[in-house]
J.: 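Mind having a look at this structure? Questions to follow.
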Amino acid sequence: MKKLPGFPIVLHGSSSVPQEYVDMINKYGGKLPDAVGIPEEQLRKAAKSAVCKINIDSDSRLAFTAAVRKVFAEKPAEFDPRKYCGPARDLMTELYKHKIKEVLGSDNKLAQLD
């Protein structure tokens, strides 16, 4: 960063693709056989360096999709979005709390998530 001091670095496509969400999606009818991402340890290192933004949207979408697929598989007659979006939101919140505290090093730097 000697040549570009203060220049913000953003990592695009930096989701870790948590295997538990991929497994849940596949268990409940999804087809993501080869989904892989960036290891969280590498993201931790990046967060401690000059990187100022790490995009993890795919992880969020995986969590949401996994929860929705689970509800639909276990309760196929469910049609109320509150019944499947609620668990999806909860799993996304759990994911973000983990990423903020354990991966991105941003704990206590943001407003409370609850």
Side-chain angles (χ1 to χ4, degrees):
M1 289 311 300
K2 292 178 184 177
K3 293 184 180 185
L4 295 171
F7 192 83
I9 295 175
V10 177
L11 294 183
H12 295 276
S14 300
S15 291
S16 59
V17 185
Q19 194 60 48
E20 65 266 25
Y21 301 148
V22 172
D23 291 345
M24 189 184 301
I25 289 169
N26 290 336
K27 176 181 178 181
Y28 295 113
K31 301 271 188 267
L32 300 174
D34 301 318
V36 294
I38 308 299
E40 286 188 345
E41 183 55 39
Q42 289 182 10
L43 296 175
R44 276 187 205 93
K45 288 179 184 177
K48 291 178 183 177
S49 69
V51 174
C52 64
K53 183 179 179 208
I54 298 175
N55 292 340
I56 58 170
D57 178 57
S58 291
D59 288 348
S60 176
R61 288 183 284 126
L62 285 168
F64 186 94
T65 300
V68 169
R69 281 190 171 276
K70 182 175 189 247
V71 170
F72 285 163
E74 292 176 350
K75 300 174 183 174
E78 190 57 70
F79 67 94
D80 184 346
R82 295 170 292 186
K83 301 294 183 174
Y84 54 87
C85 287
R89 181 190 60 239
D90 293 345
L91 198 55
M92 288 172 61
T93 299
E94 182 181 309
L95 166 82
Y96 283 128
K97 285 180 179 181
H98 165 74
K99 294 291 186 177
I100 288 168
K101 292 178 182 179
E102 307 299 330
V103 179
L104 304 175
S106 298
D107 195 24
N108 297 320
K109 293 181 184 178
L110 299 173
Q112 185 72 18
L113 286 176
D114 293 333

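Note: hydrogens, waters and symmetry copies are ignored here, and every other heavy atom, side chains too, is used.
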J.: Which atom names give the shortest non-hydrogen contact between Pro87 and Arg82, and what distance separates them?
T.: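 Nearest heavy atoms, Pro87 then Arg82: CD-O, 4.3 Å.
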J.: CG of Asp57 to CG of Leu62: how many Å apart, nearest 0.5 Å?
T.: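 Spacing of CG (Asp57) from CG (Leu62) equals 9.5 Å.
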J.: What side-chain donor-acceptor pairs closer than 3.5 Å can you find for residues 36-44, not counting sequence neighbours?
T.:
| unit_1 | atom_1 | unit_2 | atom_2 | d |
| --- | --- | --- | --- | --- |
| Glu40 | OE1 | His98 | NE2 | 3.0 |
| Glu40 | OE2 | His98 | NE2 | 3.0 |
| Glu40 | OE2 | Lys99 | NZ | 3.1 |
| Glu41 | OE1 | Arg44 | NH1 | 3.1 |
| Arg44 | NE | Glu102 | O | 2.6 |

J.: Indicate the atoms forming the closest heavy-atom contact of Tyr21 with Ala63, along with that distance.
T.: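 Of all heavy-atom pairs spanning Tyr21 and Ala63, the closest is CE1-CB, 3.8 Å.
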J.: Is it true that Phe72 and Tyr28 have ring centroids separated by less than 6.0 Å?
T.: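 Centroid separation for Phe72 and Tyr28: 6.0 Å or greater.
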J.: Quickly, which of Asn26, Val17, Asp23 forms a side chain to side chain contact (heavy atoms under 4.5 Å, CB included) with Leu32? Name it, please.
T.: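 Among the candidates, only Asn26 passes.
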J.: With rounding to the nearest 0.5 angstrom, report the NZ to NZ distance, Lys97 to Lys101.
T.: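 Those atoms lie 6.5 Å apart.
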J.: Got a second to check how far Tyr84's OH is from Phe64's CZ, nearest 0.5 Å?
T.: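 Those atoms lie 8.0 Å apart.
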J.: Would you sort out whether Met24 and Arg69 count as a side chain to side chain contact (heavy atoms under 4.5 Å, CB included), showing the intermediate values?
T.: CA-CA 8 Å; Met24 189 184 301; Arg69 281 190 171 276; over 6 Å; no
J.: Under the 3.5 angstrom rule, does the side chain of Asp59 hit a backbone N or O of Ser16 as a donor-acceptor pair?
T.: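 A pair under 3.5 Å: yes.
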J.: Looking at OH of Tyr96 and OG of Ser106, how far apart are the two atoms once the value is rounded to the nearest 0.5 Å?
T.: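 Rounded to the nearest 0.5 Å, the OH-OG separation comes out at 13.0 Å.
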J.: If every non-hydrogen atom of Ala35 is compared with every non-hydrogen atom of Val22, which pair is closest and at what distance?
T.: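 Taking every non-hydrogen atom into account, CB-CG2, 3.9 Å.
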J.: Show every donor-acceptor pair shorter than 3.5 Å between a side-chain atom in residues 48-56 and any protein atom, with sequence neighbours excluded, or say none if there are none.
T.:
| unit_1 | atom_1 | unit_2 | atom_2 | d |
| --- | --- | --- | --- | --- |
| Ser49 | OG | Ala46 | O | 2.7 |
| Lys53 | NZ | Asn55 | OD1 | 3.4 |
| Asn55 | ND2 | His12 | ND1 | 2.9 |

